[in-house]
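Have a look at the structure below before the remarks.
In what follows, every heavy atom counts, from backbone to side chain, and hydrogens, waters and symmetry copies are set aside. One is the number of the first residue; the rest follow in order along the sequence.
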Amino acid sequence: MTAELVRGQNHPLSRSRVEIRVSAGTPVLALAQVGDDEGRLAGPEALAHPGARTLPGLEVPGTVSGQHSVLVDLDAVGPAVHRVGLVLVLPPGGPARFGAVPASYVSVADPEGAELAGYTLTDLESETAVVALELYRRQGAWKVRAVGQGYAGGLGALLADAGLPGPAAAELAAAAMGQTPAGDVTLAAIPGAPAPTVPRGLRAPAPAPSPAPQDARHAPAAPTPPEPIPVSGTPYAAAPGGDTAGGPPTISYAHPRRRTSTEPPEPAPRPAAPPPLGEQPRPVAGDASGWSMDERLYNQVWGMFEDLARSVAAYRGAVEFADSRMDRELDEALSDPRHRLGGSGNAARDTARARREELVAQAQAVLDRDLVVLTAESEVVEPALPASYARWDNPVWHAHAVPSESPLALRLGDLHLPERPELRIPMLVRVPLERGLWIDNGRTGSEAAMAMDTDRLRRAAMDMAVAHAARLLAAHPADRFAVHVIDAGGAGAASLAPLVRAGVLAGPPAAGAAGVTETLERLTRRVDLVQMAVRAGAPEDLPPDVDTSDQLLLVHDFPHGFDDRAVTRLRYLADEGPAVGVHLLMVADRDEASAYGPLLDPLWRSLMRLSPVPDNHLADPWVHHAWTFEPDLPPRGSRVLEQALERVAAARRTAG
């Protein structure tokens, strides 16, 4: 049975020799690009085109046609190749955009000719070049993924997005299209082509407008990933004003090593049956790109998040398609006068419902297969995570020692979807934090918060903040991080006790209006002095009393003890502090600061909102699932947090 894929969906390949078939809605050029595990092209030689048709393990056709066949031997492509992408390009003199022609269909077949997976390229509009699908290597096995990423800027924009410098991309595009840089067309006249083949049971939909494709790549790979899960430590962009009335805010995951479509997938009418579980490759912790094991694990966690999002999207799309088809068939049955007499109407309704159940069962089988694989990978990856990524109940904390290098990222909690709540994806945020954190202790933030007693909710929020502060201290070298606390009314004393007892704070928690003012003045002065030193190019000329280590300001019970001047300084620290190593962690109820009106709206928007109770106010950027976030806290009765802080204090005494 052919697996009819939707955008973003993948399917395992059981053969190393396959044939990629193209049935286009108009004559096109069929090219192939090979990339590394980050999807980047090594150079112009990584593109097979009519002027250079062969690469190790594959050969592309040299003509413009509506029907193409590309033979691929995955065993021969070389160990450095992790992705083989099929590229379709409109030639000069043909249609101006893919949106003006019937949808194309691409498939992957085995050497005997049986189709393994197929994909109909829909929702293209102004694009003139498109990455139709890709074969990619994951955990030693090959899979096919429906991509459908189009480029209005043509082949040059596509190649630039794949990592080629602009001039090289333009020159290679001109060569592949048979043009000189001046634009002289040398391709032969475009022949006619038959109508494209459409997958069984699916009518080719009419082209629909789609958002403009994102042609720009993110920053190139660096020795440490410049973007984490979430990107730059700022994944959750709240809606204006910080509320979620218009739907969940989007997690801005722009991964530097993985290019994906940002459009939701199309419904899948006929998902593939899952292969036997024994054929699934065994997962391996750290099986991702990176310069270190921490970076590889970090990238692997990101890949798990993406795979789960897309697998659930394909399932939900298939169920939606099945429901809509059943409704349509029921409407047709009821509108036909012949079905109103006798039992033919009941038979038509039963047939429609049976078809719906068959499609849903097939979609469920595919989802179950993917969830089994992801669960197995999670069971391998979770125990292997370093302390900064690990849950507080991970045994790695018992052997943890204060490190000599700063961490790559920090775990804030877990994310999961209702289809498999027990499958948790770690929510990692890049450090140093480029955006402050706001732990919302208000009861109006979610249904779970409204169901909790106010005092219990506030204590849970403060315990969560202390756990984050303790993790930051334990994950950094002893002299690399300082924590300041503002607790104007003293209401957070019970939660702050572990930090105070261990002696790891920069000073006693600031109390009262005077303590608030003094702490904010000191940190504002540090921000001003470091900014001036950086702009002057003389950071070594800072006054000796300026602490150059990163600073975390934990504010509890805001706005108690804050006057207008203090509020202004807090906003300044939230905006300007992260760039010079001053970070903000607030525990606050927005309603309690409502007296300031819209004055504080920029402050709430600048912070990443988290909840001390399970809440589904977060969304991914591809299909906008509502992900449930759950904070990670030390187990009740455990001393793991106190032990971590004791090690920090001991390391500071040794260093001092």
Side-chain angles (χ1 to χ4, degrees), residues 18-36 39-74 76-78 80-98 101 104 106 108 121 127-135 147 149-193 215 217 259:
V18 295
E19 177 186 7
I20 302 177
R21 299 169 177 172
V22 178
S23 182
T26 185
V28 296
L29 277 172
L31 317 178
Q33 60 182 20
V34 296
D36 58 16
R40 300 177 65 82
L41 305 186
E45 66 279 2
L47 179 72
H49 57 86
R53 295 177 52 197
T54 60
L55 289 175
L58 61 91
E59 180 177 358
V60 300
T63 60
V64 175
S65 175
Q67 305 288 327
H68 290 291
S69 177
V70 179
L71 298 178
V72 182
D73 183 357
L74 296 173
V77 297
V81 174
H82 287 255
R83 301 192 185 191
V84 178
L86 173 70
V87 177
L88 303 182
V89 185
L90 293 175
R97 55 191 178 90
F98 274 106
V101 299
S104 300
V106 293
V108 178
L121 281 77
E127 298 86 345
T128 60
V130 58
V131 180
L133 56 77
E134 68 176 6
L135 313 180
V147 180
Q149 177 64 63
Y151 296 81
L155 182 59
L158 186 153
L159 295 173
D161 192 32
L164 292 184
E171 183 177 350
L172 180 57
M177 299 290 288
Q179 293 178 287
T180 65
D184 297 327
V185 179
T186 58
L187 285 172
I190 302 173
D215 289 355
R217 280 189 71 87
R259 190 174 73 255

Next item on the list: Kindly indicate whether the side chain of Ile20, heavy atoms from C-beta on, has any atom under 4.5 Å from the side chain of Leu133.
Entry: yes
Next item on the list: Tell me, please, which residues at least two apart from Glu59 pass salt bridge (charged side-chain N to carboxylate O under 4.0 Å, His left out).
Entry: Arg53
Note to self: For a 4.5 angstrom cut-off between non-hydrogen side-chain atoms, does Asp36 reach Leu41?
What the structure shows: no
Next item on the list: Could you tell me which non-hydrogen atom of Ala48 sits nearest to which non-hydrogen atom of Leu58, and how far apart they are?
Entry: CB-CD1, 3.9 Å
Margin query: Please report the interatomic distance NE2(His49) to CG(Leu31), rounded to the nearest 0.5 Å.
Written below: 8.0 Å
Note to self: In the structure I gave you, are the side-chain heavy atoms of Leu158 and Val131 within less than 4.5 Å of one another anywhere?
What the structure shows: yes
Note to self: Between Leu155 and Met177, is there a side-chain heavy-atom distance shorter than 4.5 Å?
What the structure shows: yes
Notebook entry, point to check: What residues, two or more places apart in sequence or in another chain, satisfy side chain to side chain contact (heavy atoms under 4.5 Å, CB included) together with Ala132?
Noted result: Leu86, Leu88, Val106, Leu121
Item checked: Leu90 and Thr26, any side-chain heavy atoms less than 4.5 Å apart -> yes
Next item on the list: Report the C-alpha distance between Val130 and Tyr151 in whole Å, list the side-chain angles of each, state the deciding distance to 0.1 Å, and finish with yes or no for side-chain contact (heavy atoms from CB on, under 4.5 Å).
Entry: CA-CA 6 Å; Val130 58; Tyr151 296 81; over 6 Å; no
Next item on the list: Supply the atom-to-atom distance Glu127 CD to Arg97 CZ, rounded to the nearest 0.5 angstrom.
Entry: 9.5 Å
Item checked: Separation between CD of Gln149 and CD of Glu134, rounded to the nearest 0.5 Å -> 11.0 Å
Checklist line | Side chain proximity check, Pro91 to Val64, heavy atoms < 4.5 angstrom | finding: yes
Next item on the list: Work out which heavy atom in Gly153 is nearest to a heavy atom in Thr128; give both atom names and the distance.
Entry: C-OG1, 4.4 Å
Next item on the list: Using the side-chain contact (heavy atoms from CB on, under 4.5 Å) rule, take Val28 and Val89 through it: C-alpha gap first, then chi angles, then the decisive distance, then the call.
Entry: CA-CA 6 Å; Val28 296; Val89 185; over 6 Å; no
Margin query: Testing the basics here: between Val60 and Ala30, what is the closest heavy-atom pair and its distance to 0.1 Å?
Written below: CB-O, 3.7 Å
Checklist line | Nearest heavy atoms of Ala176 and Pro50, plus distance in Å | finding: O-CD, 3.8 Å
Check: Between Gly156 and Ala169, what is the shortest heavy-atom contact and its length?
Finding: O-CB, 3.7 Å
Next item on the list: Check step by step if side-chain contact (heavy atoms from CB on, under 4.5 Å) holds for Arg21 and Val70.
Entry: CA-CA 6 Å; Arg21 299 169 177 172; Val70 179; over 6 Å; no
Notebook entry, point to check: Which heavy-atom pair separates Gln67 from Ser23 by the least distance, and what is that distance?
Noted result: NE2-OG, 3.2 Å
Next item on the list: Nearest 0.5 Å please: distance from the CG atom of Leu47 over to the CG atom of Leu164.
Entry: 8.5 Å
Check: Taking the side chain as C-beta and beyond, is there a heavy-atom pair between Val22 and Ser69 under 4.5 Å?
Finding: no
